[in-house]
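The chains referred to below are lettered A, B, ... by the order of the sequence lines, with proteins before strands, and numbering in each begins at 1.
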Amino acid sequence: MAPKRATTPKKRLTSAVDQESVGDGGGGGGLFHGLIFFLVDIGVQPRRLQIWKQKLVQMEGTVEDQFSKRVTHILAMSSKALLEKVCKESLMPFKGSVLLYQWLEESLKLGEKVSEELYSLKTEAEGDNESPKSIDRVRNKSEGSQSDDNESPRDKKARHSPEHASVSPAVSNESHGVKTRDGTNNSGGDSNKDVSLPYAPPDLNRNITEIFGKLINIYRALGEDRRSFSYYKAIPVIEKLPFKIESVDQVKHLPTIGKSMQDHIHEIVTTGKLSKLEHFETDEKVFYRFLEELFTVTVRTINLFGEVWGIGPATALKLYEKGHRTLNDLKNEDSLTHSQRVGLEYFEDIKKRIPRKEVQDMEHLLQKAGEEVLPGVRDNCSDASQVSVVCGGSFRRGKATCGDMDIVITHPDGTSHKGFLAKYVKHLKDLNFLREDLIFSTHSLEGTDSGVDTYFGLCTYPGRETRHRIDLKVYPRDIYAFGLIAWTGNDVLNRRLRIIAESKGYRLDDTGLFLATHGSDGKKGARATKSLSLNTEKEVFDFLGFPWLEPHERNL
DNA sequence: GTACCGGTGCG
DNA sequence: CGCACC
DNA sequence: GTAC
């Protein structure tokens with residue numbers, strides 16, 4: 001039954017922090033006496049934020065939860081984060097200081113307020129006289145973290161392929177809602193302004209992130225997911241830095257960068273390489289004394305096997321131990337599942353990236369095919385009802401090439417989606433568009449589960465034979481917004497949204513937003529609790545109190 | 001010392 | 001169940 | 001490998 005109506009989340013940021021003033025060994029003193037801070041929480045780990053607030057208050061500063069005239073200092077992780085929180089207009093008349101958090105860190109470290117010069121985010125009076133050296137450098141960062149592909153380190157077989165064509169400015173923005181025949185957006189409608197900003201991925205420090213990227217793969221191949229994940233988290237942190245790292249001191253206090261990574265960074269900036277990585281790449285044995293016995297292995301082979309769709313670290317290792325050494329060997333292996341066989345057969349194809357243009361063509365093809373399977377309400381009625389087919393994933397985020405296609409489907413009438421996928425897949429096979437199946441699951445018919453139907457498979461661009469990975473997801477209209485968000489990503493954003501939801505007492509996933517029922521409610525069978533009803537992406541963002549991001553702004 | 005991102009299909 | 005995937 |  002109707003779960004308690006959720007009260008809208010409070011807009012307040014975390015309130016004044018527990019003032020349990022910590023002892024603080026030496027008289028921290030009133031370093032920040034008289035200063036009034038507004039902290040932009042975007043892109044800051046909550047824990048970190050909390051610590052900073054605490055410090056500021058300890059040292060007699062004041063922290064405001066809202067941006068106001070009283071504020072003398074704004075601190076932000078980046079200019080982008082800043083603008084998400086404070087609009088440019090209100091910033092212009094602002095006379096105080098706008099600084100990077102690093103200013104605070106340095107000040108805390110040295111025990112005195114360091115010069116604001118180097119940390120200013122202020123864009124001078126606007127218009128003509130641009131800021132001095134202040135910062136144009138900061139303007140574009142965090143934008144193009146070229147975590148090219150899509151998602152987590154887990155998935156997507158970490159193909160480190162180049163998509164470095166930067167971001168295509170021509171972001172097809174589609175609509176966030178359900179497309180209706182006559183082109184009106186019957187839902188997602190959000191701000192339609194298509195701001196094609198001048199992207200310019202900063203990417204100083206590529207020297208470091210590239211090496212860390214390799215370590216991610218290596219550790220994953222060794223089954224050390226945790227460690228791998230640590231590097232994964234560190235990369236975006238480093239990427240966002242507005243300067244090129246030349247000394248370890250500059251990264252000493254960054255989150256996710258601890259002792260070891262500092263050492264690594266030190267070695268990289270001084271010698272240009274990382275001996276640890278060299279070892280991994282050349283020797284192939286030795287390191288991991290404790291694993292040595294088990295893995296008398298070449299990391300490469302395991303890595304390679306693991307790149308086959310359907311084969312993960314465990315299976316890759318098994319296959320290696322069975323004596324296989326090449327992909328060709330695997331073809332004779334009986335134990336492979338159907339999916340793995342398909343993944344193996346089209347190994348090279350699947351790795352190829354798809355040009356944006358082609359994805360767009362295929363999106364149209366898919367939309368058309370959808371309408372053929374499920375003809376919409378004709379007639380003149382303005383409210384035509386038509387199946388909606390949107391390509392999410394990196395495509396929707398505006399990337400120039402895509403590793404695969406994530407198709408999110410729904411129907412405005414709220415019922416016609418049922419049973420649609422099966423017919424749709426059949427039709428697409430008749431069109432010779434879908435070529436091989438990987439996974440096919442349907443729930444909409446039984447009404448069990450949340451009613452999402454899913455298909456994973458391979459498709460081809462009309463007239464060609466190259467296989468591309470494609471996912472089709474059919475959502476009931478009422479939870480469509482959640483599916484669209486989840487499948488548009490990126491994963492960093494998804495996780496941030498989830499965490500925010502949790503902090504507000506909810507659980508968020510691609511099938512909805514639920515009151516965090518504690519423990520009891522099993523989720524099998526018909527869900528006991530229904531998702532809160534939010535019709536558009538915008539509504540979800542708003543509900544969570546997260547600043548709206550256009551799809552192409554979601555490459556966090 | 002220990003947790004770290006979560007949920008689902010397949011075999 | 002464990003493995004793989006998103 | 002990092003943070004609690």
Test of ring centre spacing under 6.0 Å for A/F433 and A/Y461: no
Non-neighbouring partners of A/S260 that pass side chain to side chain contact (heavy atoms under 4.5 Å, CB included), sequence neighbours left out: none
For atom CG of A/D437 and atom P of B/dG9, their distance in whole Å: 16 Å
Nearest to side-chain heavy atoms of A/I439, which nucleotide of C/dC5, B/dG9, B/dG11: B/dG9
Spacing between A/I216 atom CD1 and D/dT2 atom P, to the nearest angstrom: 13 Å
B/dT2 OP1/OP2 closer than 4.0 Å to side-chain N/O of A/R226: no
Check ion pair A/K351-A/D349 (N to O, under 4.0 angstrom): no
Short side-chain N/O contact from A/K473 to OP1 or OP2 of B/dT8, under 4.0 Å: no
Protein-nucleotide distance (A/F440, atom CZ; B/dT8, atom P), rounded to Å: 18 Å
Pairwise C1' distance for B/dC5 and D/dT2, with rounding to whole Å: 16 Å
Sugar-phosphate, base or nothing in reach of A/L438, heavy atoms under 4.0 Å: nothing
Geometric cation-pi criterion, A/R496 with A/F546: 6.0 Å, 45°: no
Any A/T256 side-chain nitrogen or oxygen under 4.0 Å from OP1 or OP2 of D/dA3: no
Which nucleotide in C/dC6, B/dC4, B/dG9 has an atom nearest any side-chain atom of A/K233: B/dC4
Atom-pair distance (CG on A/L274; P on D/dG1), nearest Å: 10 Å
Nearest-angstrom distance from the residue atom CG of A/D453 to P of B/dT8: 14 Å
Selection from D/dT2, C/dC6, B/dG7 that lies nearest to any side-chain heavy atom of A/S230: D/dT2
Which nucleotide in D/dT2, C/dC6, B/dG11 has an atom nearest any side-chain atom of A/F456: C/dC6
Non-neighbouring partners of A/F440 that pass ring pair (Phe, Tyr, Trp, His ring centres under 6.0 Å), sequence neighbours left out: A/Y455
For atom CG of A/D509 and atom C1' of B/dG6, their distance in whole Å: 8 Å
Check: B/dC5 base within 3.5 Å donor-acceptor of A/R498 side chain: yes
Euclidean distance, atom CG of residue A/L513 to atom C1' of B/dG6 [Å, nearest integer]: 15 Å
From B/dG11, B/dC5, C/dC6, nucleotide with atom closest to A/R495 side chain: B/dC5
